[in-house]
Each structure stands twice: as C-alpha cells, then as structure tokens.
Amino acid sequence: MINGNHTAETALPAAKPLGLPLLSFIRKDPLGAASLFKTHFGDVAKLLILFRRIYYFFTPEAARQILVDHDDDFIREPRLLKIFESQQGRNALTTEGTDWARQRRILTPGFSQKRIAGYMSLMVAATEDCLRSELPVQRGTSALVDVGELTTHLAMDVILRTLFSQSASREQAEVVSTATRTLTRQAMREAYWAVIPPAWIPYPGRSSKLAAVAVINRLIATNISSRRSESSATSSDNDVLAMLLAARDDLPNASNASLSAQEIHDNCLLLFGAGFDTTSSALSWWIGLMATHPAAVAQLRDELGAAAADAPATPEQIARLPYLNATIKEAMRCYPPSTALFTRVAKRDVVIEGTQVRKGTLAVIPVWHLHHDARWFPNPESFRPERFLPGAPPIPRGAFMPFGTGPHFCLGQHFANIEMALVAAAVITQFDLSLDAGVCLPDAVVDVALKPKTAMRVRFTRR
C-alpha cells in the first residue's frame with residue numbers, strides 16, 4: 001500500500017464569504033482539503049473564498065474540457081504567473097498570449113525525440129559519476145542514504161550537463177538546491193496571500209527570496225557568459241544552451257525570429273527549475289517504491305537482463321523498455337510531481353461538464369485526486385505498474401497527466417521521461433534497495449513539487 005493518504009478533518013470550517021478559515025484550511029493541507037471537498041460536494045466543489053469563486057473539478061472529462069477543448073476560454077492563473085515571473089523572469093512558463101506562443105514555437109524543436117537523443121550521453125555521464133561518488137562502490141557494501149539529497153545532486157548534475165555541458169560539485173549542488181527550496185517555499189507562501197506586493201515593498205521572505213534568486217541567476221549568467229566567450233572550436237553544440245542560441249521561429253515573416261539574450265537567460269531559469277526540482281522529486285518517490293516492492297524490482301531486472309542479452313543495452317533501448325517505463329508512470333501516478341498547479345481562470349462564461357462557470361472563476365484540477373480515484377484506477381493506493389503495460393485496460397483521457405495536457409503541457413515531458421528511465425535502469429542494475437526494519441515511506445507534502453514530508457532514507461547495497 002502507498003503511504004501518504006490525505007484526509008482532512010471530518011467537517012468543513014465555516015465558509016463565510018470572506019472565507020479566511022477556509023483559505024487557512026487549504027493552505028495547511030491542500031491535498032487533504034481537496035479530499036474533503038470531494039467527499040462533501042462530489043465531482044464539482046463550488047467554493048467562495050475572499051469573495052472569489054473557486055471550483056474544484058474531479059473528473060477526467062472536466063479536466064480535458066478545461067485544458068484542451070476550452071483552452072481558449074481560460075487563462076493560467078495570473079497570480080501564479082506573477083509569482084513565478086518574480087523568480088524566473090518572462091519565459092515560456094510565465095508569459096501568456098502571443099509572447100508565450102512565440103517562445104513555445106521557438107523552443108519546441110529543441111525537445112524533439114531526435115534532439116533529446118543527443119542529450120543522452122550527457123545524462124548517462126552525470127548518472128554514472130553521481131552514483132559512483134555518492135553510493136557504495138565495493139560489492140556487498142551498503143549505506144543508508146537520504147534519497148532526497150541523492151536525487152537532488154543527481155538531477156542537478158543532469159540538468160547542468162544537458163543545459164551547459166558542466167558538471168555539479170556537491171558543494172554547488174547544496175548551495176543551489178538550498179536556493180531552489182527557498183524559492184519553492186516562498187512561492188507556496190505567496191500563493192495564498194490576498195495581494196501580491198510590488199517587488200520594492202518589504203514583505204515576509206523578501207530578503208531570502210532575493211538572495212536565492214541572485215544565486216540561481218548568477219549560476220545561469222556565468223554559464224551563458226562562458227559559452228559566449230568560447231571559440232567555435234571549443235564550444236559545445238550538443239547541449240540545451242546551444243539549442244537556445246540557435247533556435248529560430250518557424251512562423252513565416254516572424255519579426256523576432258530568435259530568442260533575445262534575456263529570453264535565453266529566463267528560459268534557462270525555467271528549464272533548470274523544472275528539470276531539477278520536479279525530476280528530483282519523481283525519482284525520490286520511484287526509489288522509495290522500488291525499495292518497498294521487491295517483486296516489481298525482480299520483474300524489472302528480468303526485463304533489463306533480457307534487453308542486455310539481445311544486444312548491448314543502449315540508452316535508446318533502455319528508455320523504451322515497457323516495464324521500466326510502467327514503473328515510472330505508476331510512481332508518478334501515485335506521487336504526481338505537480339499536484340494542483342493546473343489552475344485556470346475563466347475569461348468568459350463557459351459550461352464545463354454541465355456546470356456553469358462564470359467569468360473570473362478559478363478552476364482547480366486536483367491531479368492527485370484524479371490519479372487516486374478508484375473509478376479510473378482500481379485499488380488506487382496500490383503500486384501496480386501493470387496498469388501502464390501494453391494490453392492493460394485503457395485509462396480515460398485526462399485521468400493521468402503528471403505533465404499536464406493541452407497546449408500548455410510540459411515542454412520537457414519527453415526529456416524527463418528519458419532521464420528518469422536512464423537513472424532508474426542504472427540504479428536498479430547496480431543496487432539492491434530496502435528500508436530498515438519498521439520504517440515506512442514518508443507522507444507526501446505539497447511544496448510546489450510533491451515532496452516527502454520527512455527525510456526518506458533508503459539502504460543502497462552494491463550488487
């Protein structure tokens with residue numbers, strides 16, 4: 001069984017129009033609050049908080065209507081975009097309208113399967129170096145490892161190598177991961193404020209936020225500056241920065257056919273944050289689930305062994321193995337990296353699954369609850385990778401979407417899947433994983449990405 005069910009108090013707090021008790025309730029436990037809303041209200045929960053209409057939609061059909069069929073009738077929540085813009089600038093996440101569409105067009109070819117195949121050697125090198133430096137080397141030796149720290153270093157090394165062809169030291173990983181955690185926690189804090197203050201006004205967390213932004217900006221700027229100063233003979237042409245520098249808009253007669261220097265910087269911030277934090281979280285949960293499901297590990301090793309017996313296993317082959325990828329998908333179903341950031345604001349009156357949604361209403365799609373609904377996933381608290389194997393019963397469209405769906409789906413989806421498959425194959429091939437006696441997986445907590453509430457410690461034994 002998966003540890004981390006989220007249920008809340010047995011009764012809703014009094015929800016007067018001001019809704020402050022209700023807002024505090026949601027902020028304290030967003031997953032538990034949504035569970036209670038679903039129990040009380042069913043598939044559509046209509047709330048009034050601080051005089052604002054907020055509707056939770058709990059069905060795949062509603063999710064697809066909002067994110068796909070009626071995408072033009074909604075915008076991403078401006079408050080969240082403003083919060084992330086204050087950390088990342090104006091990139092393909094934080095912009096809307098024509099600016100977003102242009103950046104998205106320019107970036108999309110750089111994340112094609114062919115292009116990502118070129119990043120694989122960088123991913124493999126980062127994975128092997130990290131496992132060798134962080135985990136036991138001698139056969140039969142073991143160590144109890146803080147999985148969050150391991151995946152943080154690993155994911156950061158992967159993203160720095162694929163972005164800039166640079167590796168990350170442990171010291172750098174610690175400094176930058178601390179800055180990233182500061183920003184994610186501040187973003188969660190600001191998301192529940194009634195008003196987002198101007199940048200120049202002192203507010204809680206402002207100084208630590210600015211210091212963290214400076215750390216990550218300096219990392220990005222230093223690597224971009226270094227690349228621009230390199231000669232063409234020594235400059236890498238196989239990483240993401242090279243793609244950003246060379247990317248062009250394929251729209252005929254485009255006035256701004258390439259990304260500006262600021263846009264390159266800001267999109268590096270986006271790719272670094274998205275490629276580091278969410279991937280680290282997803283890998284942490286996958287490792288924890290493997291440590292508690294030995295039958296899945298045995299089946300996975302059989303698949304990897306058969307692939308290696310047929311021919312030397314290449315990164316491309318590993319990334320396409322059905323059971324390996326099924327374990328990753330099931331881990332992201334159980335613990336979706338993003339649980340409730342798919343929020344939209346209605347631009348006009350619209351009907352969603354028979355529900356009238358008035359202009360200005362905030363529509364929330366609770367991904368955790370879609371992923372844990374027994375109507376779409378029988379025995380949803382059980383880890384069952386076979387749900388995602390060829391020939392399994394079809395999953396309703398919109399019931400599983402760890403990377404979103406529609407025009408705003410995560411641009412790095414294929415990148416993340418390949419990275420996780422390569423890392424997972426290396427870990428499970430080289431190590432036995434277990435929890436010490438009496439230890440369970442931690443509960444989950446929303447910290448932008450879905451994180452373990454307490455340290456997840458897994459014993460790694462070199463095979």
Exercise. With a 4.5 Å heavy-atom cut-off, do Ile352 and Tyr55 have their side chains touching?
Worked result: no
Exercise. With a 4.5 Å limit on heavy-atom distance, are the side chains of Leu370 and Pro60 in contact?
Worked result: yes
Exercise. According to the interplanar angle, ranging from 0 to 90°, do the rings of Phe37 and Phe41 count as parallel (below 30°), tilted (30 to 60°) or perpendicular (above 60°)?
Worked result: tilted
Exercise. Under 3.5 Å, side chain of Arg344 to main-chain N/O of Leu67, donor-acceptor pair present?
Worked result: no
Problem set entry | Straight-line distance of Phe276 CZ to Ile159 CD1, nearest 0.5 Å | 10.5 Å
Exercise. Residues two or more places apart in sequence or in another chain: which of them pass side chain to side chain contact (heavy atoms under 4.5 Å, CB included) with Arg206?
Worked result: Tyr203, Leu210
For this session: Examine distances only and state if a side-chain atom of Asn267 and a backbone atom of Asn91 form a donor-acceptor pair shorter than 3.5 Å.
Result: no
Problem set entry | Residue pair Leu183 / Ile216, side-chain heavy-atom distance below 4.5 Å | yes
Exercise. Under the 3.5 angstrom rule, does the side chain of His369 hit a backbone N or O of Leu31 as a donor-acceptor pair?
Worked result: yes
For this session: Not counting sequence neighbours, list each pair that qualifies as a salt bridge (Lys or Arg N to Asp or Glu O under 4.0 Å) and has a residue in residues 150-159.
Result: Asp157-Arg161
Problem set entry | Sequence-distant partners of Asp277, salt bridge (charged side-chain N to carboxylate O under 4.0 Å, His left out), two or more places apart | Lys451
For this session: Run the numbers on Lys347 and Asp73 for side-chain contact (heavy atoms from CB on, under 4.5 Å), then give the verdict.
Result: CA-CA 5 Å; Lys347 294 161 58 178; Asp73 294 320; 5.7 Å; no
Exercise. Quick one: is the NZ or CZ of Arg104 closer than 6.0 Å to the six-membered ring centre of Phe111, and within 45° of its axis?
Worked result: no
For this session: Would you please name every residue forming a salt bridge (charged side-chain N to carboxylate O under 4.0 Å, His left out) with Arg76, sequence neighbours left out?
Result: Glu96
Exercise. Residues two or more places apart in sequence or in another chain: which of them pass side-chain hydrogen bond (donor to acceptor under 3.5 Å, both in side chains) with Ser86?
Worked result: Lys209
Extract all donor-acceptor atom pairs below 3.5 Å that involve side chains of residues 385-407 and protein atoms in other chains or at least two apart in sequence.
from	atom 1	to	atom 2	distance (Å)
Arg387	NE	Glu330	OE1	3.4
Arg387	NE	Glu330	OE2	3.0
Arg387	NH1	Pro378	O	2.7
Arg387	NH2	Pro378	O	3.3
Arg387	NH2	Asn379	O	2.9
Arg387	NH2	Ser382	O	2.9

Exercise. When you measure from the side chain of Gln65 to the backbone N and O of Glu353, does any donor-acceptor pair fall under 3.5 Å?
Worked result: yes
Exercise. Taking it one step at a time, do Arg79 and Leu362 satisfy side-chain contact (heavy atoms from CB on, under 4.5 Å)?
Worked result: CA-CA 11 Å; Arg79 284 171 50 83; Leu362 177 67; over 6 Å; no
For this session: Find the distance between CG (Leu23) and CD1 (Ile54) and round it off to the nearest 0.5 Å.
Result: 7.5 Å
Seminar exercise, completed: Nearest heavy-atom contact between Lys82 and Ile196 is NZ-O, 3.8 Å
Exercise. Between Ser177 and Met156, what is the shortest heavy-atom contact and its length?
Worked result: N-CE, 3.6 Å
For this session: Search all heavy atoms of Met188 against all heavy atoms of Tyr192 and return the closest pair with its distance.
Result: O-CD1, 3.2 Å
For this session: Please tell me if the side chains of Phe58 and Asp373 come closer than 4.5 Å, counting only heavy atoms from C-beta onward.
Result: no
For this session: Evaluate the side-chain contact (heavy atoms from CB on, under 4.5 Å) criterion for residues Leu219 and Val215: first the C-alpha distance (whole Å), next the side-chain angles of each, then the deciding distance (0.1 Å), finally the verdict.
Result: CA-CA 6 Å; Leu219 170 72; Val215 167; 5.9 Å; no
For this session: Keeping the roles fixed (side chain from Trp285, backbone from Ala444), state whether a donor-acceptor pair exists under 3.5 Å.
Result: no
Problem set entry | Residue pairs involving residues 110-120 (criterion salt bridge (Lys or Arg N to Asp or Glu O under 4.0 Å); sequence neighbours excluded) | none
Problem set entry | Heavy-atom pair with the smallest gap, counting every atom of Val195 and Pro197 | O-CD, 3.4 Å
Problem set entry | Residues that Asn417 engages under side-chain hydrogen bond (donor to acceptor under 3.5 Å, both in side chains), provided they are two or more places apart | none
For this session: Find the distance between OG (Ser258) and CD1 (Ile106) and round it off to the nearest 0.5 Å.
Result: 7.0 Å
For this session: Measure from the side-chain N and O atoms of His40 to the backbone N and O of Leu36, and report whether any donor-acceptor pair falls under 3.5 Å.
Result: no
Problem set entry | Heavy-atom side-chain proximity of Tyr335 to Leu289 below 4.5 angstrom | yes
Problem set entry | Side-chain (Arg333) to main-chain (His371) donor-acceptor, under 3.5 angstrom | yes
Exercise. Looking at side-chain heavy atoms only, is the closest gap between Leu241 and Cys268 below 4.5 Å?
Worked result: yes
Exercise. To the nearest 0.5 Å, what is the distance between CG (Leu48) and CZ (Phe51)?
Worked result: 7.5 Å
Exercise. What residue pairs, at least two apart or across chains, pass side chain to side chain donor-acceptor pair (under 3.5 Å) with a residue in residues 212-226?
Worked result: Asn217-His265
Problem set entry | Minimum side-chain heavy-atom gap Phe377-Cys334 below 4.5 Å | no
Exercise. Distance from Thr279 atom OG1 to Phe415 atom CZ, nearest 0.5 Å?
Worked result: 7.5 Å
For this session: Using the test side-chain hydrogen bond (donor to acceptor under 3.5 Å, both in side chains), find all partners of Arg185 that sit at least two apart in sequence or belong to another chain.
Result: Asp447
Exercise. What do you reckon, is CZ of Arg358 surrounded by more than 12 foreign heavy atoms closer than 6.0 Å?
Worked result: no
Exercise. Minimum heavy-atom separation for Gly205 to Ser208, with atom names?
Worked result: O-OG, 3.1 Å
Exercise. Could you go step by step and tell me if Leu270 and Phe84 meet the side-chain contact (heavy atoms from CB on, under 4.5 Å) rule?
Worked result: CA-CA 9 Å; Leu270 165 61; Phe84 286 115; over 6 Å; no
Seminar exercise, completed: Between Ser121 and Asn238, the two heavy atoms sitting closest are OG-ND2, 4.4 Å
For this session: Using the test side-chain hydrogen bond (donor to acceptor under 3.5 Å, both in side chains), find all partners of Glu85 that sit at least two apart in sequence or belong to another chain.
Result: none
Problem set entry | Side-chain heavy-atom pair Arg52, Val345 within 4.5 angstrom cut-off | yes
Exercise. Does Gln186 use its side chain to pair, donor to acceptor, with the backbone of Pro204 at less than 3.5 Å?
Worked result: yes
Seminar exercise, completed: For Asp99, the side chain to side chain contact (heavy atoms under 4.5 Å, CB included) test, sequence neighbours excluded, returns Arg90, Thr95, Arg102, Gln103, Glu263
Exercise. Rounded to the nearest 0.5 Å, how far apart are CG of Leu259 and CG of Leu245?
Worked result: 9.0 Å
Problem set entry | Matching residue for Asp239 among Leu244, Leu160, Leu122 - test: side-chain contact (heavy atoms from CB on, under 4.5 Å) | Leu122
Problem set entry | Residues, nucleotides or ligands: over 12 heavy atoms within 6.0 Å of Lys359 NZ | no
